[in-house]
Q: 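Structure in structure tokens, see below.
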Amino acid sequence: MDIALSGILTNLKQKLQSGKYNLNDLAFFLQETVFAMLVETAERAMAHTEKKELLLGGGVACNKRLQEMC
């Protein structure tokens, strides 16, 4: 169960340099996109292994938004 994050940072830098986007909006977009990718991958892994519980670990696991999405 892999995810690919290639291109996201480059795209965000381009959007920020264009001056059309706010840094806070881009940071929110990044968080939502990456968390959605992680949660979807975790859901697929759980379905594949027939597990019903997910354990989050590490510093990112303290993020309330990630906890809500999981």
Q: Could you go step by step and tell me if F29 and T33 meet the side-chain contact (heavy atoms from CB on, under 4.5 Å) rule?
A: CA-CA 6 Å; F29 164 77; T33 301; 3.4 Å; yes
Q: List the steps, then state whether side-chain contact (heavy atoms from CB on, under 4.5 Å) holds for K13 with T10.
A: CA-CA 5 Å; K13 284 182 181 180; T10 301; 5.8 Å; no
Q: For E43, enumerate each residue passing the salt bridge (Lys or Arg N to Asp or Glu O under 4.0 Å) test, keeping only those at least two apart in sequence or located in another chain.
A: none
Q: So, using side chain to side chain contact (heavy atoms under 4.5 Å, CB included) as the criterion, who are the partners of F28 when residues are at least two apart?
A: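 Per chain and number, F28 pairs via side chain to side chain contact (heavy atoms under 4.5 Å, CB included) with E32.
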Q: Given the rule that I, L, V, M, F, W and Y join up when any side-chain heavy atoms are under 4.5 Å apart, are L23 and L30 in one cluster?
A: yes
Q: Residues in salt bridge (Lys or Arg N to Asp or Glu O under 4.0 Å) with E68, at least two apart?
A: R65
Q: Please round to the nearest 0.5 Å and tell me the distance separating atom NZ of K20 and atom CD of Q14.
A: 12.0 Å
Q: Report the residues that fulfil side chain to side chain contact (heavy atoms under 4.5 Å, CB included) with Q67, sequence neighbours left out, ordered by chain and then residue number.
A: L56, K64
Q: Who passes side chain to side chain contact (heavy atoms under 4.5 Å, CB included) against L5, sequence neighbours left out?
A: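 With neighbours one apart ignored, the set is I3, I8, V34, M37.
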Q: Applying side chain to side chain contact (heavy atoms under 4.5 Å, CB included), can you list everything that pairs with K15, at least two apart in sequence or on another chain?
A: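 Here the qualifying residues are N11, Y21, L26.
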Q: Does the pair V39 and L66 meet the rule for a side-chain contact (heavy atoms from CB on, under 4.5 Å), with working shown?
A: CA-CA 8 Å; V39 170; L66 179 59; 4.1 Å; yes
